[in-house]
Each structure stands twice: as structure tokens, then as C-alpha cells.
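Let me begin by presenting the structure, written as C-alpha cells, before commenting on it.
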2 protein chains.
Amino acid sequence: MAGSSPEIRMGELEPIDRRSTAAIVADRIRAAIMRGTFPPGTQLGEVDLAARLGVSRGPLREAMQRLVAEGLLRSERHRGLFVRDLDAADVRDVYTARTAVERAAALLLLAEPDRGPAVARLTAAITAMEAAAAAGDTVALADADHDFHAELVAASGSPRLHRMSRTLLVETRMCLAALQQTAPPSEDLLAEHRTLRDALATGDGVLMTRVLEAHMADAVSRILDVAPPPALPA
Amino acid sequence: MAGSSPEIRMGELEPIDRRSTAAIVADRIRAAIMRGTFPPGTQLGEVDLAARLGVSRGPLREAMQRLVAEGLLRSERHRGLFVRDLDAADVRDVYTARTAVERAAALLLLAEPDRGPAVARLTAAITAMEAAAAAGDTVALADADHDFHAELVAASGSPRLHRMSRTLLVETRMCLAALQQTAPPSEDLLAEHRTLRDALATGDGVLMTRVLEAHMADAVSRILDVAPPPALPA
DNA sequence: GCCGGGCAAGTTGTCGACAATCGTACAAGT
DNA sequence: ACTTGTACGATTGTCGACAACTTGCCCGGC
């Protein structure tokens, strides 16, 4: 799979109109939701969106159905499409699902002999987080956090875990944007990510899973800003 | 949610067209794929399907996009939609993802105080499996197996895990249908499911996860052993 | 003053038709 | 005989328009 023809560089000669219009539109809307352009609960008018994106209502509706299938949009018949608003139960659910997916990805990664590239990518994400934290740029910090976990799952090489993770990370961003965390304790956040990377590098699976679960539980309590419910039994 | 008004029976007065046409069509196609009506690799013509389902191409395309998002269909521009064919790597990936999801569901369930209803449902599925095994009905056995794992995840109460599980179980059925397992060692299969139920009933999390992982690994080797060469029957 | 019926506006759901594209088969040239 | 060019058939991608539904408001009646 990797490096079949050394003379052909990545994405140089293979594709021209690789993806369908619906997929492109879906990516746009997904990014907009993640970015917070469409806050939870807002109605997405079809004609308006279609005109804004320069496509007709047909492809746009196809893209919408895709997002509905992912759980990002809520469809009410003859009423319209709305961005799903997440309550406390949803926040917990997102993070339990993320824990499941990222734990599995970490285990896959730990079973691999050469974890060098993965560690390098995670380190790059951590570096970006450090820079963002130093600059006080909360959105860049969230971006880097996002990248860290996305890279972790992507490096596992599992297409299904990757697909699940993408949606879950978007929902994570929705949680963060909706609840507007004001002052994230970025030092703890950085330390947790560094520990995750180090555990992966050294191959300490027990530490990895434990820190990962704690990391998720921390995030939930941080978002909900309530007393963390009794943690999962070890 | 359960038993709000005792006078209203389930699905008697509330809904008439609760779900969108695209969702219904998507369910139909998904069931057909799962059932094996559309073997992997077959092309799904839009006009033919639309006429057969009594809808226009619009709603049908929306449903297709939904299934593409789930990874059950593969879309090639200006070529058509094809049922995804799963190779050995996909089989392993499906089961790693399933392991992740069902392990998380089991842990959620173990954290719940009252596991009685869940155990009862799993027992019902096991009973169905026993009956199917006794009758030598392999398809009913696969149905019951499907139900067991679906109930396990559904009982966890996590909508996201549930949604992921649904797609993964369909893909599992695709693996089974494609490779046509001839004589499943149903006794081992039953024993494994009984152990899972008992571990859930007694609250033995360590046993539960261990047996679950072994169960998945067994299934993978069982499927791949039938057809060791992943060579496509070209 | 309150309730029920009816009207109007705006939205989504659905359909049919046109245009663009790809695969295949056949013919011509080298 | 192999390659190249071309025409055809079939399918998908896209668009615009009509129909159905829901919602909110206004008005008449009790």
C-alpha cells in the first residue's frame, strides 16, 4: 500500500474530481458546525444554504442526510433541519464513546512494532498546543487538542475507528463551543497529553489506558463544571 | 420513557409518518444488504431501486448517501453505487471496532445497579440461539447472535455506541453471508455467549472483557479460516 | 375575555427532465 | 496484430417546479 511508485508524489497525478459534491458540502457544513458558525439549535434553511454554497437543493439535501446519519443534525419532518444541541447526558456519551474508540486505537498502536511516526505526530500536536497555550489562544489550543486525538486514532490504521472518531471529535468541539469554557487549566491538559505520548512511546499499555480514561473523565467534569460522578471502576 | 400513560399502547396513537422517507429507504436497503440480497460488489442502479421501492430518485439518493456515510456503500462518480466488499483486513477491522464498542457498552452496563432487564434480554437471545442450533437453522442462529450483541449495546443506554454498533453488526452479517460459513461450531458459540451473560449478571468485569475479546478473536479466525486466501473470485 | 376556525406565508418533500460523464464496441490506421 | 480514434448506450449528477405540510396570525363566535 505505502510507496508503490517512488516517482509519483502524493496527490500529484491520481485524482481530479475525486469526491462527490454531496461529500464536499457535507465537509463544509461539518466544519462550520465544528467551528461554531452554526450554534446548536439553529435551523438550517435549505434554500439559503444551497444558494450560499452555489449548489442546488438536491446535492445539499444529500449532504444533510449524511450529517443526520452521523448524528450531527436533527431532522424534523416538514419543519427543517436543526443542529443538535447536546445536553449533559450527551456530553457524557460523547466522551464514553471517545474513550472506547481511542482506547482501541491506542491498543492497536501499541501492538505495532514501529511507533516512531505516530509518536512524532503526537509530539507535533503537543508542540502546537504548547505554542497556543503560551499565546493564550484558546481556539488554537482546541485545534491542537483536536489534532492530537485525531492523529492518535488515524495512526491506528483502522478506518472504522477513524470514521467514528471524526464525528465524535466534531461533537466534542460543539460541547466546547457551546459551553464556552473560559479559562482552561492548560497546564494539566498539556501534562496529560505528554503522558499519553510517553506511554505510547514506551509501550506502557496499562498506563496509557488509565491516563486516557482519566483524561476523558477530566474533560467531562471540566465541561459540565459539576462534581465528577464516581469514576469508572478500575 | 417506559409506561407513561397506561391507556396508550405502543405505536397506537402517536406516530403516523414519524420518519423521513430517506430513513425508511435506508433501513430497507440496509436490511437487504445484511440479509444478503445484495451481495458485496453488486451495483445498485438508482432507477431500478427507485421504481422497486415506489419512490423517486431524490429520496433514494438521500438514503444512499446515508449508507455511504455508514461505510456500507461505495460511491464512484458517474459510475454508480456498489455494495462494499470486505477483505480480510476489513474483517479484522470490523471486529476490532466491535470489540471497542461492546467492551465499552459492557462496562457501562456493569456500572449500572440493576442489570436484571439486560440479563433477561440476553438470556432470551441465548434461548433463541439454542433453538436455532437445535434446529440446525444457521440463519436463525446468526439472527439470534446478532440480537444478542445488539441488545448488549442497546442496554448500555449509549445512543452513540448503539448507532456505531448497528452499522458494525450489518458488516458482520456481510462477512458471514459472503463467506458462507457452512458448519459453525455452535456449541462453543453458545458457551461463549452464556459466559458473557453470566459475567454480566455477576458483575465480573474482568471476566467479561476478557471473554468478549476472546469471542471476537474467535469469530475473526473462524471467518478467515474458511477462506484463507483473500483472493477475489474474479 | 377566551376559544375555535380559517387564512396566508414559508418551509420541506417529491417529482420529472436535462446535461455531463463513463464504459463499451466497432472501425480505421499503422 | 496492435493501437488509436470515434460513436453509441447507459448511468449518474444536477436543476427547476409543483405539491404537501406545519406554523403563526387574524377574525368571528360564545
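Order of the sequence lines fixes the chain letters, A, B, ..., with proteins taken first and strands second; residue numbering starts at 1 for each chain.
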Quick one: [X] [atom1] to [N] [atom2], roughly how many Å, whole number?
| X | N | atom1 | atom2 | result |
| --- | --- | --- | --- | --- |
| B:Gln43 | C:dC22 | CD | C1' | 11 Å |
| B:Ile24 | C:dT14 | CD1 | C1' | 14 Å |
| A:Leu49 | C:dT11 | CG | P | 12 Å |
| A:Leu60 | D:dG13 | CG | P | 16 Å |
| B:Arg77 | D:dG13 | CZ | C1' | 7 Å |
| B:Glu76 | D:dG13 | CD | C1' | 15 Å |
| B:Arg79 | D:dA10 | CZ | P | 17 Å |
| A:Leu53 | D:dC15 | CG | C1' | 16 Å |

Looking at [options], which one has an atom nearest to any side-chain atom of [X]?
| X | options | answer |
| --- | --- | --- |
| A:Ser56 | D:dC15, C:dC22, C:dT14 | D:dC15 |
| A:Thr21 | D:dT14, C:dG13, D:dT12 | D:dT14 |
| B:Glu62 | C:dT14, C:dT12, C:dC22 | C:dT14 |

ask   = If you take atom types as modelled and just measure distance, does the side chain of B:Arg57 reach the base of D:dG13 with a donor-acceptor pair under 3.5 Å?
value = yes
ask   = Is the shortest distance from a Lys or Arg side-chain nitrogen in B:Glu171 or B:Arg173 to a carboxylate oxygen in the other one below 4.0 Å?
value = no
key: Phosphate OP1/OP2 of D:dG13 contacted by B:Arg61 side-chain N/O (<4.0 Å)   = yes
query = If we ignore angles and hydrogens, is there a donor and acceptor under 3.5 Å between the side chains of B:Arg98 and B:Ser165?
reply = no
inquiry  = Any base atoms under 4.0 Å from A:Gly58, or only sugar-phosphate, or nothing? Heavy atoms, all strands.
reply    = nothing
request  = Name the nucleic acid region contacted by A:Leu44, choosing base, sugar-phosphate or nothing; use a 4.0 angstrom heavy-atom cut-off, strictly under.
outcome  = sugar-phosphate
key: Student check: side-chain heavy atoms of A:Leu49 and A:Ile29 closer than 4.5 Å   = yes
key: A:Arg79 backbone acceptor or donor facing A:Gln43 side chain under 3.5 Å   = yes
query = If only atom types and distance count, is the side chain of B:Thr99 paired as donor or acceptor with the main-chain N or O of B:Tyr95 below 3.5 Å?
reply = yes
